[in-house]
Amino acid sequence: MKKKKTFNLKKDREKRPSWNEYFMKIAELLATRSTCIRRHVGAVIVKDKRILATGYNGVPSGIPHCIDVGCLREKLKIPSGERQEICRGLHAEQNAIIQAARFGISIKDSIIYSTHQPCITCAKMIINAGINEVIFSGDYPDKLALDMLKQAKVKLTRFKC
């Protein structure tokens with residue numbers, strides 16, 4: 001005879017993640033889809049605790065993946081955070097913003113969760129998209145991005161795992 005599962009509401013609530021933990025875990029899961037050789041990044045755009053769009057870093061649709069054809073930046077030994085225009089891929093934040101635009105979803109006054117600090121290009125897109133908060137966990141070597149986000153009064157929160 002099978003034993004019935006019992007629920008302990010107090011104990012189950014203790015295991016329940018906060019909203020920030022929940023959305024950051026989703027960003028971390030999205031990062032597992034990355035096709036970048038150097039860094040796996042995931043991003044999720046949220047408004048009123050609802051997911052609006054997601055993204056991970058990789059090349060545009062229909063283009064061979066870096067994991068299959070190699071990385072030009074790696075070949076040229078370009079340090080992280082420099083010469084981004086040489087990269088064949090899009091960043092996770094860029095892909096999330098593009099997906100929202102593609103499907104006509106307004107992301108004004110939303111929050112973006114990212115596994116890494118945004119770069120300068122992503123920061124500029126975040127500002128102009130009207131996203132008003134960035135919650136991130138990992139580092140990225142781009143002080144200018146942080147400075148611009150602060151100047152634009154975009155709230156920055158480093159998420160501690």
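Residue indices begin at 1 and follow the sequence shown.
Within a 6.0 Å radius of CG in Asp68, more than 12 heavy atoms belonging to other residues, nucleotides or ligands are found.
Between the CZ atom in Arg33 and the CG atom in Leu29 there is a gap of 10.0 Å [rounded to 0.5 Å]. Leu30 CG to Thr54 OG1: the interatomic distance, rounded to the nearest 0.5 Å, is 5.0 Å. We find the OH-SG distance between Tyr140 and Cys122 to be 8.0 Å, quoted to the nearest 0.5 Å. The distance from the CG atom of Leu76 to the CD1 atom of Ile86 is 6.0 Å, given to the nearest 0.5 Å.
With hydrogens and angles ignored, the 3.5 Å screen pairs a side-chain donor or acceptor of Gln94 with a backbone N or O of His91. In this structure, the side chain of Glu74 does not engage the main chain of Cys71 through any donor-acceptor pair within 3.5 Å. Under the 3.5 Å distance criterion, the side-chain polar atoms of Lys47 are left unmatched by any main-chain donor or acceptor of Leu52. In this structure a side-chain-to-backbone donor-acceptor pair under 3.5 Å is present from Asn57 to Val41. The main-chain N or O of Gln117 is never found under 3.5 Å from a side-chain atom of Arg158 such that the two would form a donor-acceptor pair. Side-chain atoms of Arg38 come within 3.5 Å of backbone N or O of Arg73 as a donor-acceptor pair. Checking side-chain atoms of Asp142 against main-chain N and O of Ile120 turns up a donor-acceptor pair under 3.5 Å. No donor-acceptor distance shorter than 3.5 angstrom exists from the side chain of Thr35 to the backbone of Cys66, with no hydrogens or angles considered.
Cluster annotation: Ile126 is connected to Ile105 through the hydrophobic network of ILVMFWY side chains, with a link wherever side-chain heavy atoms come within less than 4.5 Å. One hydrophobic cluster, built from ILVMFWY side chains closer than 4.5 Å, cannot hold both Phe159 and Val134; they sit in different ones. Grouping the Ile, Leu, Val, Met, Phe, Trp and Tyr side chains by contacts below 4.5 angstrom, directly or via other members, places Met24 with Val44. Side-chain heavy atoms closer than 4.5 Å link hydrophobic residues (I, L, V, M, F, W, Y) into clusters, and following such links, even through other members, never connects Leu90 to Phe103. Val59 and Ile97 are members of different hydrophobic clusters when ILVMFWY side chains are connected at heavy-atom separations under 4.5 Å.
In summary, of the residues considered (His40, Glu28, Arg39), a side-chain contact (heavy atoms from CB on, under 4.5 Å) with Thr115 occurs for Glu28 alone. Of the options Ile26, Asn20, Ile51, a side-chain contact (heavy atoms from CB on, under 4.5 Å) to Tyr113 is made by Asn20 and by none of the others.
The shortest distance between side-chain heavy atoms of Arg88 and Ile63 falls below 4.5 Å. Taking the side chain as every heavy atom from C-beta outward, Ile131 and Ile107 approach each other to under 4.5 Å. Contact of the Asn132 side chain with the Val154 side chain is not registered, since no non-hydrogen atoms from C-beta on lie closer than 4.5 Å. When side chains are defined from C-beta on, Ser137 does not count as touching His116, because their heavy atoms never get closer than 4.5 Å. Taking 4.5 Å as the limit, some side-chain heavy atom of Leu146 sits within range of a side-chain heavy atom of Leu156. At a threshold of 4.5 Å between non-hydrogen side-chain atoms, the residues Ile45 and Ile111 do not count as touching.
Closest heavy-atom contact between Ala96 and Ala53: O-CB, 3.4 Å. In terms of heavy-atom proximity, Ala145 sits nearest to Pro118 at CB-O, 3.4 Å. Closest approach of Ser80 and Pro141 over heavy atoms only: O-CG, 3.4 Å. Annotation for Ala31 and Gly42: closest pair CB-N, 3.5 Å, computed over non-hydrogen atoms.
Classified by interplanar angle (parallel below 30°, tilted 30° to 60°, perpendicular above 60°), the ring pair Phe23/Trp19 is parallel.
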Audit row: Thr157, Glu133, side-chain hydrogen bond (donor to acceptor under 3.5 Å, both in side chains) steps and yes/no: CA-CA 8 Å; Thr157 304; Glu133 184 173 2; 3.2 Å; yes
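Checking Ser114 against Glu93 by side-chain atom types alone, a donor-acceptor pair falls below 3.5 Å.
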